[in-house]
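This report concerns only the one structure given below.
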Amino acid sequence: MKKQDIPKFREVLLSHYATHKRDLPWRDEGRTPYQIWLSEIMLQQTTVATVVDYYTRFLAQFPTVEDLANASEDDVFHLWQGLGYYSRARNLHKCAKLLVAEYGGAFPREEGELLKLPGIGPYTAAAVASMAFHVPATVVDGNVERVISRLYKTETALPAAKLELTALAKKLSDPAHPAAYSNAIMDFGATVCTPKKPLCLTCPLQPFCASSTPEVALDYPKKIAKTKKPERVGEVFVITDKNGDLLLNKRPNTGLLGGLYALPSRGWDKQDDPLPPRLGYTDAGTITHVFTHFKLTLEVCTATIAGTHPQGQGHAPDNLPPIPTLMRKVLLAAKKQP
DNA sequence: TAGGCGTGGTT
DNA sequence: TAACCAAGCCT
């Protein structure tokens, strides 16, 4: 795209956004920086459809950053359970506490200051600066990378292309309309310039685009081929005591499913959990679960003990601490096969 | 810097 | 069904 075409490009993009604006809760008039920040954290690698309900529930319980800062970590994880990437919840909580303790409960307005906060990287800093404070800042997410790469037919493969794409994105973004432009270009990627079925034939940006047909567009952005997921297998144990309580352990704060609670298991994770001695188990079948970097198959073993679980490790099934979806699957399998 | 880090929907 | 994808961040 020529430099003199950029104003027209912005005009067309913003005009398309104005007429195709999706009604999303974090986009409502009068949303606070806290609310916009929360939505951006939840939307990291997570679909809009999944986020909406979590977002609504979260704000109902924690309407302000002070409410979040004062919450217990378990309460935060409870609202996050099932959403995945749990370090986001930990950093969200940490960030809220930091804001209240050292920033007077208010977000900084500048991209560079936002970037210093836990859980806020280049994308989220630009998103909050532009959307919450109308400060010129260029968002570069997966959508933007795809749109820009197709507009210019960039040949460098991701993730190495990130720098090049960011430089191009900065030239295109509209400093006069930071919030609208950020939303517009990402919406455009999500609804028109989509990964699998780009709508090139009716695309309003076609006059500016070096691809301009689906056949060409689908080749961009170039990507490094991903390696196949390894498979892991193990056993997981559903152990009920005489009160009907389940045995759960809190996982370490870092690493996989960090900070959540889990049924004892063996064979697949970094460490095997200790088990009650000399126990006979009933086979309740297997469950499978796919993580980002491996596939897991667990044999579900159930047992009942005559005594009670150690203090703090027994939990009533109707009042469980935050557990990941993986463990929900295990409990469902155990319930089906009594 | 490349890999760790969840989950659910789509193709 | 296996692979891909979704408003990335951290180490």
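Lettering of chains follows the sequences in order, A, B, ..., and the numbering in each one begins at 1.
Across the interface with DNA chain C, nearest-nucleotide mapping of A/M186 and A/L117 shows A/M186 to be the residue nearer the 5′ end. Nearest-nucleotide positions on DNA chain C place A/K228 closer to the 5' end than the other of A/L43 and A/K228.
Within 4.0 Å of A/A190, counting heavy atoms only, lie sugar-phosphate atoms of the nucleic acid but no base atom. Using a 4.0 Å heavy-atom distance criterion, A/R27 is classed as a base contact. Within 4.0 Å (heavy atoms only), A/L83 reaches at least one base atom of the nucleic acid. Among the heavy atoms of the strands lying under 4.0 Å from A/L24 is at least one base atom, whether or not backbone atoms are also near. Residue contacts shown for A/S39 are absent, as no nucleic acid heavy atom lies under 4.0 Å away. Looking at heavy-atom distances under 4.0 Å, A/W80 makes no contact with the nucleic acid at all. Contact annotation for A/P159: no contact, since no heavy-atom pair falls under 4.0 Å across all strands.
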N/O contacts under 3.5 Å, protein versus nucleotides 8-11 of chain B?
none

Using nucleotides 3-5 of chain B, report all nitrogen or oxygen pairs with the protein that are shorter than 3.5 Å.
unit_1 : atom_1 : unit_2 : atom_2 : d
B/dC5  : OP1    : A/L256 : N      : 3.1
B/dC5  : OP2    : A/H293 : NE2    : 2.4

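Applying the side chain to side chain donor-acceptor pair (under 3.5 Å) rule to pairs touching residues 36-49 of chain A yields A/E40-A/Y123, A/Q44-A/T124, A/T46-A/R88, A/T47-A/T50, sequence neighbours excluded. Residue pairs meeting the side chain to side chain donor-acceptor pair (under 3.5 Å) criterion with at least one member in residues 73-84 of chain A, sequence neighbours excluded, are A/S72-A/D75, A/E73-A/R90, A/D74-A/Y261, A/H78-A/Q81, A/Q81-A/R328. Residue pairs meeting the salt bridge (Lys or Arg N to Asp or Glu O under 4.0 Å) criterion with at least one partner in residues 107-123 of chain A, sequence neighbours excluded, are A/E113-A/K116. Pairs of residues two or more places apart, or lying in two chains, that qualify as side chain to side chain donor-acceptor pair (under 3.5 Å) and include a residue from residues 141-152 of chain A are A/D141-A/N143, A/N143-A/R146, A/E145-A/K162, A/S149-A/T154.
With sequence neighbours left out, the side chain to side chain donor-acceptor pair (under 3.5 Å) criterion links A/D219 to no other residue. With sequence neighbours excluded, the residues satisfying side chain to side chain contact (heavy atoms under 4.5 Å, CB included) with A/K223 are A/L158, A/P221.
Using a 3.5 Å distance cut-off with no hydrogens or angles, the side chains of A/E155 and A/Y220 do pair a donor with an acceptor. A/H293 and A/K229 share no side-chain donor-acceptor pair at under 3.5 Å.
A/R232 contributes a side-chain N or O that, together with a main-chain N or O of A/W268, makes up a donor-acceptor pair within less than 3.5 Å. For A/N319 (side chain) and A/A316 (main-chain N/O), no donor-acceptor pair under 3.5 Å exists by modelled atom type.
Distance check on atom P: C/dA3 versus C/dA7 gives 22 Å, rounded to whole Å. If you take atom C1' in C/dT11 and the same atom in B/dT1, they sit 10 Å apart, rounded to whole Å. Between C/dA6 and B/dC5, the distance separating the two C1' atoms is 15 Å to the nearest Å. Nucleotides C/dC10 and B/dG8 are separated by 24 Å at their C1' atoms, to the nearest Å. Going from the P atom of C/dT1 to that of B/dG6 covers 25 Å, rounded to whole Å.
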List the atom pairs, donor and acceptor, that lie under 3.5 Å between side-chain atoms in residues 168-184 of chain A and the rest of the protein, sequence neighbours left out.
unit_1 : atom_1 : unit_2 : atom_2 : d
A/S173 : OG     : A/T138 : OG1    : 2.8
A/S173 : OG     : A/K170 : O      : 3.3
A/D174 : OD1    : A/A176 : N      : 2.9
A/D174 : OD2    : A/H177 : ND1    : 3.0
A/S182 : OG     : A/S130 : OG     : 2.9
A/S182 : OG     : A/P178 : O      : 3.2
A/N183 : OD1    : A/R27  : NE     : 3.4
A/N183 : OD1    : A/R27  : NH2    : 3.3
A/N183 : ND2    : A/A179 : O      : 3.1

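A salt bridge links A/R31 to A/D28: one of the charged nitrogens lies within less than 4.0 Å of a carboxylate oxygen.
The stretch residues 53-62 of chain A has no heavy atom under 4.0 angstrom from DNA chain C at all. The stretch residues 139-153 of chain A has no heavy atom under 4.0 Å from DNA chain B, so no residue of it qualifies as close.
The 12-atom threshold is not exceeded at CG of A/L163, counting heavy atoms of other residues, nucleotides or ligands nearer than 6.0 Å.
Of all non-hydrogen atoms in A/P159 and A/I224, the two that sit nearest each other are CD-CG1, 4.2 Å.
A heavy-atom distance below 4.5 Å is found between the side chains of A/P122 and A/L115. Two residues are said to be in side-chain contact when any heavy atoms from C-beta on lie closer than 4.5 Å; A/F237 and A/R266 meet this criterion.
Contact footprint of chain A on DNA chain C: nucleotides with an atom under 4.0 Å from a non-hydrogen protein atom, first to last in 5' to 3' order, C/dA3 to C/dC10.
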Self-check item: Verdict with supporting geometry, A/T56 and A/D53, side-chain hydrogen bond (donor to acceptor under 3.5 Å, both in side chains)
Solution: CA-CA 5 Å; A/T56 305; A/D53 287 344; 5.2 Å; no

